[in-house]
2 protein chains.
Amino acid sequence: MLRLSTKGQYGVRAMFELAKNYEKGPLTIKEIAARQGVSISYLEQLLNKLRKSKLIKSQKGPGGGYVINKKPEEISVGLILSSLEGPVAIAQCLGPSAKGCKRVEGCVTRLLWKSLGEKIEDFLDTINLNDLLKEETKLLR
Amino acid sequence: MLRLSTKGQYGVRAMFELAKNYEKGPLTIKEIAARQGVSISYLEQLLNKLRKSKLIKSQKGPGGGYVINKKPEEISVGLILSSLEGPVAIAQCLGPSAKGCKRVEGCVTRLLWKSLGEKIEDFLDTINLNDLLKEETKLLR
DNA sequence: ATAATAGTCTACTGTTATTGTCAAGTATTG
DNA sequence: CAATACTTGACAATAACAGTAGACTATTAT
């Protein structure tokens, strides 16, 4: 239960690659796709969304590619995921298109999902790309 | 993102109804379905799973129905959800059928999803049906 | 006994979201 | 101006979800 789509997973991994590379200049989509074993076409869509939410910027032409648009410590995993998949919405009655559920008032389970959602978002917002970078150097040691 | 299926939502609500009723004897599936506005056939499947994991017991024949099999405070929301939908598995590489991902060692994002999953399970395990009952009386006051 | 009640089980179907692929086009640099 | 690389939108396969249907079994009250 509560599976995250591959979109979110690939997206975070791509951002992680970009963060690792951000002082060396742009990374081509081809390179990112190769490192992750994902198709270029699919990755394009994700990077597109991330670019539109200003988390990354792109540079065309030879030598171009993608770079993160903020420092790694300023980009939380929560930001990445909400750019790609919208806000956490455990139940429909909590999402942007809330409708149908007539028991909004006094609905105990709704409160439950709401507070779970908040817990998750809090967690995701406290973790940024720099944390992941540090985590990796720790693992490789 | 991270939507919970209706299966989980209906299941928790059904268990909540049963908890409210548990001292008054069995509740028929018909009654539960009516209170929730869900079809009997669909609800059956859920109650079946809950019965198989011993969270509820059933009684056939006139006057029969379903009753919870433990005290409300002994049934956590986490238990209910994992009976219905299996364990929390944010990413495939964490689930029971983990396969494909060759970067298991040193995969930073995998650790991220793992600890998120644990956070979620911890939260769900700390909340039981009695908590929800108390919450409701608070809301109705 | 037997009729009425109530749960059990399995198979099937429509819908929706996910997970991609493809192709034609646009912009930038050397 | 050619090579490189990003942009966009349409489309298709697959899987998961959500729900329906029907035939069956067990229990109780009369």
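Throughout, protein chains are lettered first and strands after them, A, B, ... in sequence-line order, and every chain is numbered starting at 1. As a basis for the values below, the full set of heavy atoms in this structure was taken, side chains included, without hydrogen atoms, waters or symmetry mates.
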Exercise. If each of B/Tyr66 and A/Lys7 is mapped to the nucleotide of DNA chain C with the nearest heavy atom, which maps nearer the 5' terminus, i.e. the 5' end?
Worked result: B/Tyr66

For this session: Could you check how far CZ of A/Arg51 sits from C1' of D/dC6, rounded to whole Å?
Result: 8 Å

For this session: Find the distance A/Leu27:CG to D/dA5:P and express it as a whole number of Å.
Result: 11 Å

For this session: Mind checking B/Ser5 for me? I need base, sugar-phosphate or nothing, with any heavy atom below 4.0 Å counting as a touch.
Result: sugar-phosphate

Exercise. Within the pair B/Thr6 and D/dG19, is there a side-chain N or O less than 4.0 Å away from OP1 or OP2?
Worked result: yes

For this session: Enter the distance from B/Ile80:CD1 to B/Ser53:OG here, rounded to the nearest 0.5 Å.
Result: 9.5 Å

Exercise. Rounded to the nearest Å, what distance is computed from the CZ atom of residue B/Arg3 to the C1' atom of nucleotide D/dA16?
Worked result: 10 Å

Exercise. A/Val77 and side-chain contact (heavy atoms from CB on, under 4.5 Å): which partner among A/Leu132, A/Asp125, A/Thr126?
Worked result: A/Leu132

Seminar exercise, completed: By nearest-nucleotide position on DNA chain C, the 5'-leaning member of A/Gly8 and A/Gly61 is A/Gly8

Problem set entry | Where chain A begins and ends its contact with DNA chain C, read 5' to 3' at 4.0 Å from heavy atoms | C/dT18 to C/dT29

For this session: Could you tell me whether B/Gln45 contacts a base, only the sugar-phosphate backbone, or nothing, with contacts defined as non-hydrogen atoms closer than 4.0 Å?
Result: base

For this session: Starting at atom NZ of B/Lys57, determine the distance to atom C1' of D/dA26, rounded to an integer number of angstrom.
Result: 17 Å

For this session: Check B/Leu133, B/Ile56, B/Leu129, B/Ile68 against B/Tyr22 for a side-chain contact (heavy atoms from CB on, under 4.5 Å) and give me the one that passes.
Result: B/Ile68

Exercise. Could you give the OH-to-P distance, from A/Tyr42 to D/dG9, as a whole number of Å?
Worked result: 18 Å

Exercise. Does the pair A/Arg35/A/Glu31 count as a salt bridge with the N-to-O cut at 4.0 Å?
Worked result: yes

Exercise. Taking atom NZ of A/Lys114 as the centre, does the number of heavy atoms from other residues, nucleotides or ligands within less than 6.0 Å exceed 12?
Worked result: no

Exercise. Contact class for A/Gln59 vs. all strands (heavy atom < 4.0 Å): base, sugar-phosphate, or nothing?
Worked result: sugar-phosphate

Exercise. Base, sugar-phosphate, or nothing: which does A/Ile29 touch, judged by heavy atoms less than 4.0 Å apart?
Worked result: sugar-phosphate

For this session: Measure from CG on B/Leu43 to C1' on D/dT20 and round the result to the nearest Å.
Result: 14 Å

Problem set entry | Spacing of A/Leu46 atom CG relative to D/dC6 atom C1', expressed in whole Å | 14 Å

For this session: Could you pick out which residue, A/Ser41 or A/Gly63, lies toward the 5' side of DNA chain D when each is mapped onto its nearest nucleotide?
Result: A/Gly63

Exercise. Which listed nucleotide (D/dT8, D/dA21, D/dT20) is nearest to the side chain of B/Glu44?
Worked result: D/dA21

Exercise. What is the nucleic acid contact for B/Lys30, judged by heavy atoms within less than 4.0 Å: base, sugar-phosphate only, or nothing?
Worked result: nothing

For this session: Establish, with yes or no, whether the OP1 or OP2 oxygen of D/dT8 is under 4.0 angstrom from a side-chain nitrogen or oxygen of A/Asn48.
Result: yes

Problem set entry | Polar side-chain atom of A/Asn69 near backbone of A/Lys54 as donor-acceptor pair, under 3.5 Å | yes

Exercise. Looking at A/Glu17 and A/Arg13, does any basic side-chain N land under 4.0 Å from a carboxylate oxygen?
Worked result: no

For this session: Starting from P on D/dA18, measure out to CD on B/Gln36 and report it in whole angstrom.
Result: 14 Å

For this session: Supply the atom-to-atom distance A/Asn48 CG to A/Tyr66 OH, rounded to the nearest 0.5 angstrom.
Result: 6.5 Å

